[in-house]
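Both ligands and their constituent atoms are indexed starting at 1 by order of listing.
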Amino acid sequence: MKPIQLFDPASSTYTYVLFDEGTRDAIIIDPVDVQLERDLATLREYGLKLLWTVETHAHADHITSAGQLAELAGARTAAPAGCGITTAAVQLKDGDTLSFGHEQIKALHTPGHTAGSMSFLWREHVFTGDTLLINGCGRTDFQSGSSEALYHSLTQVLFALPDATTVWPGHDYHGRTHSTIAAEKAGNARVAGKTLAEFTAIMAALHLPKPKRIDEAVPANLSSGLRHDAGGEAMLTARPAQGYAGDVSPQLACQWWQAGDAVLVDVRTDAEREWVGFVPGAVPLAWKQWPGMVMNSAFDDGLLAAVPADKKVVLLCRSGVRSIAAARRATELGLEAYNILEGFEGDPDEHAQRGRKNGWRYHGLPWRQG
Ligand SMILES: N[C@@H](CCC(=O)N[C@@H](CS)C(=O)NCC(=O)O)C(=O)O
Ligand SMILES: [Fe+2]
């Protein structure tokens, strides 16, 4: 049994989908935001239920789709505890396992590329993220990288695995797909047969250019990819969007709502509302659309009953993903529909106290302040 290996050409990132052949429960490792549709299609094609999204580290070169997959496919998010990805539902420690059906992966803490970096062992396969690359390894010159730590992770943790273990890297920049522990132990140009001092000298002499998207990607990835559209000044005009009237800030939505110009519809599930908090006066109307599910007529009926023809509708969810789908549907039904950016997400400082199972957080939403 082999993992499904998917490639993002823009960042040369490999994403992996593993699943239990009987139950069809699945896990995805290092999903990339711009490949969301491809990944959802893969899940549909194989008939899989996504239980987990897992990160090997907080990436510097692309943005994860973990947060979006959590919303759209119902997955839970997991990430290495040392990576500062505060939105991840499960903070993995060395040796922790995640189960999907009768299968499980085991987390191996392999610091060096970043201090929190992990590899994941599944059967006779190891997913090495940017710790071990084919005939290479992750760089150690930013994001808490350490060539000493990486040398230890490579030689003591990964090279201690059985020789026949298949190595599935987080990237390859030369079109190679996989390797083995035996091959890397014998021939990896940076580490095979090298002393720590030699390895450290090689790493110090790499002088690689900084990843192009690092300043945008790292902060976004610390929130499972959900917050890169957020921040800055409150936006007080609607921003045009594809397939619905526009995106609005929570502040603008609140102004419209309080002025009686708009109906506020909360498309989160009952469970989310209960855990995270209600928005008093909002119309609760859950948007459910898992892969393969047909149209949700309860949503249509509820929406048309709640929104008079002369009013706008502003749609709120947890992070601003489902509310986009709901706004598109509302538009098809003839309404002037807006998506509230960021949804109920928000203040990261509150997260530690409020975040529960899925990292849900209270937002400093205008309608919560009074
Ligand atoms: N050129 C790429 C960055 C490539 C890069 O730095 N990759 C990192 C992984 S995030 C690395 O460790 N590379 C090791 C190497 O190229 O030897 C970009 O601009 O995004
Ligand atoms: Fe990386």
Practice item. Verify side-chain contact (heavy atoms from CB on, under 4.5 Å) between F159 and V191, making sure each step is shown before the conclusion. Key: CA-CA 11 Å; F159 290 173; V191 67; 3.8 Å; yes

Check your understanding: Taking it one step at a time, do E336 and K311 satisfy salt bridge (charged side-chain N to carboxylate O under 4.0 Å, His left out)?
Key -> CA-CA 8 Å; E336 183 182 341; K311 286 199 184 184; over 6 Å; no

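For the residue pair T131 / T128, no side-chain donor-acceptor distance below 3.5 Å is found, with atom types taken as modelled. Between the side chains of T87 and S224, at least one donor N or O sits under 3.5 Å from an acceptor N or O.
H113 contributes NE2 as its N, O or S atom closest to the Fe ion (ligand 2).
In the displayed structure, K106 atom NZ is contacted under 6.0 Å by at most 12 heavy atoms of other residues, nucleotides or ligands.
Rounding to 10 degrees gives 90° for the angle at the Fe ion (ligand 2) between OD2 of D130 and NE2 of H57.
Ring-centre distance between Y16 and W122: not below the 6.0 Å cut-off.
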Pairs under 3.5 Å, nitrogen or oxygen of ligand 1 with protein nitrogen or oxygen:
from, atom 1, to, atom 2, distance (Å)
ligand 1, 6 (O), R139, NH1, 2.6
ligand 1, 7 (N), Y173, OH, 2.7
ligand 1, 12 (O), R139, N, 2.8
ligand 1, 17 (O), R190, NH1, 3.0
ligand 1, 17 (O), R190, NH2, 2.7
ligand 1, 19 (O), K212, N, 2.9
ligand 1, 19 (O), K212, NZ, 3.4

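Using cut-offs of 30° and 60° on the angle between ring planes, the pair F7 and Y14 is tilted.
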